[in-house]
Number of protein chains: 2
Amino acid sequence: MARNPASSARIKSSPAARKKKVVRWNGAPGLKGQRQEAILRSVGSVLRNSRLSSLTIQDIASELGMTKGNLYYYFKDKQDILYQCHMRCMELSLRALQEAMANGGLPSEKLRILLIGHIHGILDDGFGSILQTDLESFWPDQRKRYIRKRDDLERGVRSLIEAGVLLGEFECDNVKLAGFSILGAINWIPKWYHPNGPFSSDQIAEEMTDYFLRGLQRRDGVARKAPRERSSSKNGTDNYHRMLAT
Amino acid sequence: MARNPASSARIKSSPAARKKKVVRWNGAPGLKGQRQEAILRSVGSVLRNSRLSSLTIQDIASELGMTKGNLYYYFKDKQDILYQCHMRCMELSLRALQEAMANGGLPSEKLRILLIGHIHGILDDGFGSILQTDLESFWPDQRKRYIRKRDDLERGVRSLIEAGVLLGEFECDNVKLAGFSILGAINWIPKWYHPNGPFSSDQIAEEMTDYFLRGLQRRDGVARKAPRERSSSKNGTDNYHRMLAT
DNA sequence: AAAGTTTTTTAATCTCTGTTCAAATTGAAA
DNA sequence: TTTCAATTTGAACAGAGATTAAAAAACTTT
């Protein structure tokens, strides 16, 4: 069950004999971990074209020129593969969060960095569409691990919004719902995005982020409508301090 | 293939003998259409709790206390059921669009009505989570029919944004991406929404819509950043006139 | 080259679910 | 009560796709 890949650490020049787009595996032994990476990357490629619901073990194997049985030498089962992809994707986003926090600018700047990085993380490696899977299909501890990371990201977003509010840069009635809005909109992108479509991932990242930030920016003077009960500071303040400490 | 339910129009008081939550079908003949409706509604109930990917014909049947075989008396196949749910859901949203257009207010008001109605349409009947299915699984003409409606909705949103821009009420760099953002955020709601959760569908509808509109509202005076190339009028103007004529 | 380990293949199996169908049941009409 | 159509059942069928396992092949080491 809990099986660590125990990567045999040794590097050898691999000829990697290619024919067409088929990678020949026979020639390069060792380095199980690298192959796992390659397999995961390949899943991203497949997902860029086909649809998640129709993604089959056979598809993945074909893409790599290996047999489906062979995949089970590298992964426990299909769920495991999908789970790893999920994690890869999330880790990219968390890296964007770290990058954002490391940058010393205003909350709006940090948030911009985070969101742009997040969008790129989702679109550029093809893993984005995997977000559509429901977490129910994961093993409990996989789910737990993933949710922990996902929550880190969500809290990161909320903290930044909250920070902006406290600094008077932002104005937001409900931080949690604003966060959900932003992240939901981003998670949905893979549903309509196509690499060869009219929008580059760069353009999407920039312009959608612009829009998200506009909705937070404080308008000096006029309050557009009577402010509702302030439910904002209930779910963000503690995390705000936590995140700023990172 | 193209089979019209040919509803035998006759109404009779149906005892509808209920036991626990099991609806007894035997006692109420006729009105095939009504039962189809009931089945679809039941799918919504199931989806409120279980997950779409694990939704099985058996689940639907169980919920209604009928056998799975019996479902095939009312629907061609599973895809057909799912398709009908899709349509139901979309029709609710399109009704919101009509309602919005009928209301004679400013674009921002219309958009508010539309979005609030759209969110309610998605959340209140439990069909929302069905949006996660990919359209590939539909039969071509089903897909075509659905996409036509979906596009109507998308164009409706864009037209309203565009209208607001033209009237000086809104300010938007890229109408299409703003529309995608809004609709994506809404489509994603079923992923985290739970009827017994902390947010009512009312609250979600109101506050998320607030946020979406904030991001469009024009700020008098300062341009926050140098405006990019205006790609807005490419995808909205014609539809704008079309929609306003409705 | 022989032995041992890692990787790959091949084919069979297993399971889950959608689907079909003939028979049974029900309700309405005659 | 008989007849007929509408509805329901229950069991069998079918197909797809994940998973397994034993044998084969490839590669490393000695």
Side-chain angles (χ1 to χ4, degrees), chain A residues 1 5-17 22-36 38-39 43 46 50-62 64-83 133 137 139, chain B residues 1 3 5-17 22-36 38-39 43 46 50-62 64-83 133 136-137 139:
Chain A
M1 217 171 243
S7 58
S8 57
R10 197 168 352 153
I11 298 179
K12 195 87 179 275
S13 67
S14 61
V22 175
V23 180
R24 181 140 304 288
W25 286 104
N26 321 349
L31 298 179
K32 200 167 175 178
Q34 279 196 9
R35 298 218 175 147
Q36 288 174 321
I39 291 170
V43 174
V46 180
S50 75
R51 276 302 152 195
L52 176 65
S53 69
S54 64
L55 177 70
T56 167
I57 286 282
Q58 181 63 62
D59 291 337
I60 302 172
S62 301
L64 286 149
M66 53 163 60
T67 54
K68 54 181 180 171
N70 198 6
L71 281 174
Y72 287 82
Y73 179 71
Y74 293 103
F75 295 95
K76 179 177 172 294
D77 53 24
K78 189 184 179 185
Q79 281 312 323
D80 191 22
I81 297 180
L82 262 35
Y83 164 72
T133 46
S137 50
W139 298 105
Chain B
M1 221 173 240
R3 200 191 342 158
S7 58
S8 56
R10 198 170 350 155
I11 299 181
K12 195 85 177 277
S13 66
S14 61
V22 176
V23 181
R24 181 142 305 287
W25 285 104
N26 322 349
L31 300 179
K32 198 168 175 178
Q34 280 195 10
R35 299 219 174 146
Q36 288 174 321
I39 292 170
V43 175
V46 180
S50 75
R51 277 301 153 196
L52 176 65
S53 70
S54 64
L55 177 71
T56 166
I57 286 282
Q58 181 63 60
D59 291 337
I60 301 172
S62 301
L64 287 150
M66 52 164 60
T67 53
K68 55 180 181 171
N70 198 6
L71 281 173
Y72 288 81
Y73 179 71
Y74 294 103
F75 295 95
K76 182 177 171 294
D77 53 23
K78 188 184 180 185
Q79 281 313 322
D80 191 23
I81 298 180
L82 261 36
Y83 165 72
T133 45
E136 313 291 332
S137 51
W139 298 105

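Each chain gets a letter, A, B and so on, in the order its sequence line appears, and its residues count up from 1.
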When you check the phosphate oxygens OP1 and OP2 of C:dT20, does a side-chain N or O of B:Tyr73 lie under 4.0 Å from one of them? no
Would you please confirm or rule out a distance under 4.0 Å between OP1 or OP2 of D:dT7 and any side-chain N or O of B:Asn70? no
When rounded to the nearest 0.5 angstrom, what distance separates NZ in B:Lys68 from CD1 in B:Ile60? 12.0 Å
To the nearest angstrom, the CE-P distance between B:Met66 and C:dA24 comes to 22 Å
Closest heavy-atom contact between B:Ala61 and B:Thr67? CB-C, 3.7 Å
Taking all atoms of both residues into account, what is the closest heavy-atom pair of B:Leu55 and B:Lys78, and its distance? O-NZ, 2.8 Å
Straight-line distance of A:Asp59 CG to A:Arg51 CZ, nearest 0.5 Å: 13.5 Å
Atom CG of A:Leu71 and atom P of D:dT20: how far apart are they, to the nearest Å? 13 Å
Gap between atoms CG and C1', on B:Asp80 and C:dT20 respectively (whole Å): 16 Å
Which pair of non-hydrogen atoms, one from B:Tyr72 and one from B:Asp77, has the smallest distance, and what is that distance? CE2-CA, 3.9 Å
Rounding to an integer number of Å, can you tell me how far B:Leu82 CG sits from C:dT19 P? 11 Å
Minimum heavy-atom distance between A:Trp139 and A:Lys76, given as atom pair plus value: CZ2-NZ, 3.6 Å
Protein-nucleotides 13-19 of chain D N/O pairs closer than 3.5 Å?
unit_1, atom_1, unit_2, atom_2, d
D:dA18, OP1, A:Ile57, N, 3.4
D:dA18, OP1, A:Lys78, NZ, 2.8
D:dA18, OP2, A:Thr56, OG1, 2.6
D:dA18, OP2, A:Ile57, N, 3.0
D:dT19, OP2, A:Tyr72, OH, 2.5
D:dT19, OP2, A:Lys78, N, 2.9
D:dT19, O5', A:Tyr72, OH, 3.3

